[in-house]
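Notes to accompany the following structure.
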Amino acid sequence: VCFIPGGLDCSISFVSHVLGKVCIHGRQKEILSVLVPHLTDLTKSDCIWQRICWRLVECVPDRWMEAVVLGFVQGAPRADVLSRLLGNLVVKNKKAQFVVTQKVLLLQYCHTTAVLQNLLGYLSLDSLRRALLIKVLQELLETWGSSSAVKHSPPEQQQYISKAILICLSHLKEPEIESCRQELFTSMMEGVKCHLDSNLPQIRRLGMIVAESISSKINTDGPVLKFQYEEDDEARELKSLLVQTPPSCVVPSLPDDDRNEKADAALPLVLESNKKSHTTALVMPDEESDAELDSDDDLIPYDMSEDKELKIKAPVYIRDCIEVLTGSEDVDKWEATVKALESLIRKNPAATREVSMELAKILLHLEEKTCIEGFVELRQRAQVAVLTTDPIPVAKYLTSQFYSLNYSLRQRMDILDVLVLAAQELSYPKSHGKTKHSGAQNPCVQLLPGSDSSKDWRRIVDERIKSKTRRFAMGQSQAELASCPNEFNSVAGHFFFPLIQHFDRPLTTFDLLGEDHYVLGRLVHTLAILTYLAVNTVAVTAMGKALLEFVWALRFHTDSYVRQGLLSCISSVLLSVPTERLLEDMTEELLETQSWLGDVVEKDPDGDCRRLALQNLLLMENLKKKLRTVPS
Amino acid sequence: MALPPPDPQFVLRGTSAAVHTLHFSCGGQEPDVPTLFSGSENGFIHVWSLKTHRVDAALDGHGRKSVYCVETMGGKNRLLSQGRDQRICLWDLAEGRTSVTDSVFTENVGFCRCSLLNVAQGRWLVAMAAKALEEVQVLELPSKTSVCTLKPEVGAKLGMPMCLKLWQLNCGSQPLLLAGYEDGSVVLWNLSMGKVLSQLVCHQEPVMSLDFDSEKAKGISGSSEKVLSIWSLNEQQNLQVYKTHKLVNAGISDITIRPDKKILATAGWDHRIRIFGWKKLKPLAVLDYHTATVHCVSFSDHKNPSERLLAAGSNDHRISIWSIYTQT
């Protein structure tokens with residue numbers, strides 16, 4: 001019971017009941033869009049109306065409390081408005097507290113950033129509620145730092161939690177940070193480890209941004225954690241959450257934010273070079289006084305036209321190159337050789353074939369002796385050149401080395417990249433006589449092997465679905481390109497089968513099914529590309545069958561990058577293997593795969609996986625339809 | 001139509017090792033034979049007769065470690081040599097002797113050539129890189145007493161001294177030292193107080209070599225980059241950059257100004273010797289004979305101008321002797 005001016009008593013509880021009932025029936029927006037602005041105005045200066053409002057929400061029965069609170073949180077324009085409207089509801093009412101601190105933040109992730117800002121701002125505005133803010137932050141950090149959450153929750157939810165953490169951090173004041181500094185630090189360390197372990201670049205970046213922010217808050221003086229990652233709109237948006245724009249009314253956290261902002265901006269670990277500490281005067285001379293007679297005039301210069309830049313000549317024979325790369329101490333010559341190697345290999349295919357194995361070995365182990373620009377690319381192009389010139393033995397060598405001891409992960413992934421690039425080159429139609437060796441630019445489909453993101457795969461599959469015809473890189477997409485034999489035909493098997501053979505045999509330093517799941521992911525994507533490029537070759541059916549079995553064996557892998565790769569494999573199989581062969585030789589596998597795809601579409605936590613699975617199912621449907629229309 | 005550059009007058013062969021330093025001694029009267037001293041990487045100092053073009057004597061005093069500096073002390077009978085065995089040796093070569101009379105243990109493992117200055121009759125100052133990384137030590141010879149140790153201030157981060165030049169404006173005035181350092185700066189030191197008078201950052205890379213013309217108060221320095229830097233010393237003893245000259249290829253190992261201050265020569269890593277006019281740094285000639293880095297260049301001290309020679313020692317074990325611009 002409360003009172004209004006005029007001395008009348010009235011009971012608000014009836015209004016609360018009505019409000020609650022309306023909200024539970026899903027009409028929050030309608031009623032609150034009228035109610036909230038009214039209440040905002042009324043409660044601006046009138047504390048009686050404030051108390052009326054508080055009483056209103058407090059009297060809502062528990063079973064409808066959630067709907068009402070959510071409605072208010074979503075409807076209020078700003079955190080201080082929410083504070084005026086709800087008062088200390090979260091402290092007084094258990095259900096409201098649960099909704100605000102647990103449900104909205106941890107169990108749902110559909111709300112916008114503005115809602116998060118309102119909610120967390122609301123919690124920060126009153127001293128009674130600040131304790132809840134700290135508790136919320138601790139729970140958020142616990143979720144953020146748990147490795148199972150990072151592995152299994154969808155990226156959208158992880159982003160939501162990260163945003164919530166950043167906003168909480170922005171509201172924290174110095175004494176509060178002091179009291180929980182150690183906890184913040186521990187959670188940050190655990191969390192950053194789980195995030196960096198993930199194969200998805202988005203998750204890694206989220207982890208990096210949040211860790212950087214936490215670090216900047218707890219170490220306001222001294223070196224601050226700084227990662228290197230791609231700054232795009234998303235990253236900038238996340239970082240902007242750390243700084244609170246002050247609302248029109250005075251907010252006590254304002255001076256803190258300024259200070260923390262400065263700490264964020266302070267550059268860590270700047271080593272000042274004090275070379276220029278002494279005053280130096282750089283005085284460019286004025287025109288030499290003409291009065292000075294130039295007695296140099298009687299010294300006649302000699303002819304200096306021969307004076308040119310000294311260029312180190314690269315060797316012109318492949319065998320010379322091998323000599324320089326393996327033994328020579330002359331670094332200038334070594335540099336020149338590395339730069340010239342690719343074109344030499346392509347100009348002398350016969351000579352290269354004689355020494356291809358040796359060259360492949362040297363290039364695989366070649367390390368940067370001096371600092372050359374683009375060394376990695378030069379080496380890779382030379383390797384691709386060797387592989388395309390003499391595919392079978394070199395492929396045999398490279399695939400065997402992939403599974404050998406004592407190679408670094410980087411080298412193994414280099415092998416995969418080289419195989420893919422070479423396969424692409426071999427399968428691309430060549431114009432008369434000349435070989436096109438720049439990365440094949442296909443108007444229909446762009447292949448970017450070796451990139452980490454799975455986005456390219458999605459794009460490829462999307463385009464395939466859109467086109468709905470089996471138009472590919474090789475052959476008749478352009479009238480000008482004359483069709484010629486697919487050079488990849490004879491060697492596709494040599495690229496593919498050795499790679500797929502030993503994946504389940506762990507070595508001491510290399511365990512695909514264990515820790516090295518990133519390499520497994522890359523391997524799976526590579527196999528998908530190779531199968532795709534093998535379309536219209538003789539071996540593709542066998543490849544498809546082997547690949548489907550491979551996918552079946554790994555289908556429950558926990559890493560989403562690997563699963564995306566497996567789904568791409570299925571796409572490749574469906575698109576590359578001729579339909580008749582698919583249905584005759586692989587019916588069983590296809591049915592099993594189809595049931596698995598259905599499972600993935602419904603239950604997989606990763607959005608990309610679900611999408612790829614759906615597209616695969618569509619592809620299968622299309623194939624069936626096609627077969628039905630073709631008279632058997 | 002400009003003439004093609006001249007060929008060497010003659011080429012001295014026989015060192016069988018890279019030549020790192022050269023010094024002429026041709027000022028003597030007859031029957032003194034004009035001589036050229038060369039220091040090689042195999043530790044030998046060869047005494048060449050410029051009449052016969054053959055080696056008169058080979059001095060072995062540095063334990064087969066590379067000799068990177070030779071200088072004469074008043075005539076060719078007294079020789080100073082510096083080697084990678086961390087020693088500076090003083091030789092007595094009169095009447096056919098080849099003995100080391102004295103040596104200074106520098107404890108320095110660098111490559112900085114020492115600099116010699118005759119301050120009074122029989123008294124010499126020698127500046128050399130000291131044991132500590134950034135320090136330069138100045139000794140008096142033949143007494144070997146230390147005159148001063150030049151230590152840059154803490155935090156100056158100059159790096160090793162790379163090249164030194166002791167000079168004085170005229171006999172009897174204060175000796176000063178110009179030192180080029182690893183960070184690319186040239187520093188003018190006052191020896192009596194052991195203090196820096198002026199410092200100038202001339203290069204982005206270490207200063208490989210420098211030379212100074214005390215009459216015109218102008219100096220030149222070369223580095224491992226493509227730029228030659230010419231700087232001047234004003235009345236307040238301050239160094240200022242006067243001019244820079246861009247080269248075709250990077251890397252200069254040695255620079256020397258001819259005693260008559262008309263021309264200067266640079267020894268390049270691109271195997272070429274370049275001649276410039278000193279007044280305005282006008283490029284005059286590019287002498288392209290050697291097939292490896294040229295380590296040192298030196299002008300002769302002939303009394304007769306028309307007999308003046310230029311010598312260059314290179315990594316290809318040869319010493320080329322040139323007669324160029326001798327008419328002025």
Side-chain angles (χ1 to χ4, degrees), chain A residues 269-316 320 323-324 327-340 369-373, chain B residues 1-6 152-153 155-159 181 183-187 196 198-202 204 226 230-232 234 238-244 247-251 261-263 268-272 274-288 324-325 327-328:
Chain A
L269 299 174
V270 172
L271 282 166
E272 286 277 348
S273 132
N274 55 1
K275 252 191 244 178
K276 321 273 181 194
S277 54
H278 292 273
T279 49
T280 64
L282 263 165
V283 174
M284 284 325 281
D286 302 320
E287 285 85 32
E288 280 116 63
S289 48
D290 298 298
E292 207 180 292
L293 275 177
D294 191 0
S295 63
D296 273 358
D297 273 350
D298 38 343
L299 293 171
I300 308 165
Y302 287 94
D303 177 26
M304 291 180 277
S305 57
E306 290 297 309
D307 188 16
K308 282 180 220 133
E309 251 188 73
L310 201 60
K311 283 205 179 126
I312 307 286
K313 294 220 177 105
V316 270
D320 287 344
E323 233 181 85
V324 173
S328 166
E329 288 303 317
D330 188 346
V331 278
D332 290 322
K333 214 155 187 196
W334 184 91
E335 260 190 53
T337 309
V338 170
K339 290 188 189 154
K369 231 190 221 180
T370 65
C371 189
I372 310 181
E373 243 182 78
Chain B
M1 182 63 210
L3 291 170
E153 61 182 42
K157 288 214 175 134
L158 292 172
Y181 287 87
D183 72 331
S185 38
V186 172
V187 175
V196 173
S198 171
Q199 179 179 344
L200 180 65
V201 178
C202 309
Q204 305 297 321
K226 282 189 185 176
I230 300 96
W231 26 271
S232 62
N234 63 10
N238 273 332
L239 291 168
Q240 289 168 317
V241 172
Y242 179 73
K243 202 179 189 181
T244 57
L247 300 163
V248 172
N249 291 307
K261 318 287 194 228
K262 290 265 178 65
I263 60 172
W269 291 0
D270 60 350
H271 324 331
R272 295 173 199 160
R274 289 161 205 281
I275 312 284
F276 296 87
W278 178 221
K279 228 194 198 120
K280 290 195 189 155
L281 212 76
K282 181 164 95 167
L284 292 174
V286 176
L287 307 173
D288 192 6
I324 192 165
Y325 291 120
Q327 284 76 32
T328 53

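In what follows, chains carry the letters A, B, and so on, assigned in the order in which the sequence lines appear, proteins first and then strands, with residues in each chain numbered from 1.
- R274(B) has its side chain out of reach of P283(B): every pair of non-hydrogen atoms, C-beta onward, lies at least 4.5 Å apart.
- For a residue to count as touching a neighbouring chain, one of its non-hydrogen atoms must lie under 4.5 Å from one of that chain's; by this rule I324(B) touches chain A with the side chain only.
- With a threshold of 4.5 angstrom between heavy atoms, D288(B) does not approach chain A through any atom at all.
- For the set I275(B), V248(B), L158(B), the entry with the most heavy-atom pairs within less than 4.5 Å of chain A is V248(B).
- Looking at heavy atoms from C-beta onward, P315(A) lies in side-chain contact with T337(A) at the 4.5 angstrom threshold.
- Each of S232(B), S198(B), C202(B) was checked for a side chain to side chain contact (heavy atoms under 4.5 Å, CB included) with L239(B), and the lone residue meeting it is S198(B).
- Only the side chain of I263(B) comes within less than 4.5 Å of a heavy atom in chain A; its backbone stays farther off.
- At a threshold of 4.5 Å between non-hydrogen side-chain atoms, the residues T370(A) and W334(A) count as touching.
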